[in-house]
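These notes concern the structure reproduced below.
In this text, all values refer to a predicted model and were calculated from it rather than measured experimentally. Whatever order the structure lists ligands and atoms in, that order sets their numbers, starting from 1.
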Amino acid sequence: MPVSDTRSTAMWREVLELSEVGPGQNVLLLTSANSNPLLIDAAGRAAAALGATVSRLDIEPNWDLFEVGSDPTVVSGQSPIDRNPMALAAMKAADLVVDFVFLLFTPGQKEVLASGTRILLAYDAPEVLARIVPTREDRRRVLAAKAAYAAGSTMRVTSPAGTDLHARIGQYPITAEYGFVDEPGRWDHWPSGFVARLTDDETAHGRVVLAPGDIILPFKSYVQTAIALTIEAGFITRIEGGLDADFLRSYLDGFRDPNAYGVSHLGWGLQPRARWTSLGLYDKHPTIGMEARAFYGNFLFSTGPSGKHRTPAHLDIPMRGCSFYVDGAPMVVDGDVIPEDQRVAGATAQ
Ligand SMILES: O=c1ccc(O)c[nH]1
Ligand SMILES: [Fe+2]
């Protein structure tokens, strides 16, 4: 059932207030043909009610040859604003841009954030946003996890299905997503609730075994048959299994890009209000699967773009029942997050 206008405007007011929107702030709504008008209208009304000056910039759709289906996360890394000085100038002049297009991983987004503009991405179905309106408690929990992740120089992920992945970390920043943008130059995504970071170049190695119930985005499917990935020097070198493995291998082959097999950002889900099951109740169009990316205790594995290599092929693969260690200290054990007051530091913990 759709979220009512009243409720939608109220939730936007809450999130924009958390994002420090108020009188004197310039808020730009960035839209395109793929944007959800319900989200745009509610955000504009809420920002105006908070006293901000609200403008809207509509850009050409970000279609790409490889974009199959209607999910903008299928192809990442470029957008029409990258080569549009007019759009970039408008976004840099804003204090906060609400991105209804999906600019993640694009050079244009990076340039706008560097100017101090805040960018809040909002694309998922309105009822998913309504279920996961961010809170200061989400921010505290995610930032505590970020601090624990930042303290380490090695990571390891294991699972009963046979995952045993090692990597060095520290070369690249941590993305701590809690759903609102309260500092200059900050990017975030509503709904969310997880930490993620790229591994140090060519250091990821071992095995990742996708078990039944793990999710591959943007396929928006639950893995039915196990897929065994061999990881060497930061790349997937072998994909073994049955039909799910064939589909994954064929999909990645279809990009004809060796970087499609890269290991991308790794982290874990920290949103207790996101549910592993939600994706199973939607058709593929209405949602981009943010509850799957954020459900509490997932291991968020992902492939494609890395620190050194660009590629339009990006998969987010939230996995259940894994254990995530930073310098041997457990962050998640068998799919359950270790609360920060029970976390122990250093390699002694394992
Ligand atoms: O919020 C997001 C969404 C997709 C992604 O790849 C990273 N973070
Ligand atoms: Fe991702």
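Which parts of ligand 1 touch Phe105 is read off a 4.0 Å heavy-atom cut-off, strictly below it: atoms 6 (O). Per-residue contacts place Asp316 under 4.0 angstrom from the following atoms of ligand 1 (heavy atoms of the residue considered): 4 (C), 5 (C), 6 (O). Applying the 4.0 Å criterion to heavy atoms of Phe194 picks out, from ligand 1, the atoms 1 (O), 2 (C), 8 (N). The atoms of ligand 1 that sit less than 4.0 Å from any heavy atom of Leu104 are 2 (C), 3 (C), 4 (C), 5 (C), 6 (O), 7 (C), 8 (N). Per-residue contacts place His314 under 4.0 angstrom from the following atoms of ligand 1 (heavy atoms of the residue considered): 6 (O).
Note on Asp316: its N/O/S atom closest to the Fe ion (ligand 2) is OD1.
Between Glu177 and ligand 1, an N or O atom pair is found at a separation short of 3.5 Å.
Look at Asp188 and Arg186 and you find a salt bridge, because one of the NZ, NE, NH1 or NH2 atoms lies within 4.0 Å of a carboxylate O, short of that distance. One finds no salt bridge joining Glu20 and Arg118 here, because no Lys/Arg side-chain nitrogen approaches an Asp/Glu carboxylate oxygen to under 4.0 Å.
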**OP:** Please test Lys220 against Asp283 for salt bridge (Lys or Arg N to Asp or Glu O under 4.0 Å), starting from the C-alpha separation and ending with a verdict.
**Re:** CA-CA 9 Å; Lys220 295 179 191 137; Asp283 294 332; over 6 Å; no

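Around the CZ atom of Arg168, the shell of radius 6.0 Å holds no more than 12 heavy atoms that belong to other residues, nucleotides or ligands. Remark: Arg140 CZ is packed, more than 12 non-hydrogen atoms of other residues, nucleotides or ligands lying under 6.0 Å away.
Side-chain rings of Tyr251 and Phe219 approach one another, their centers coming within less than 6.0 Å.
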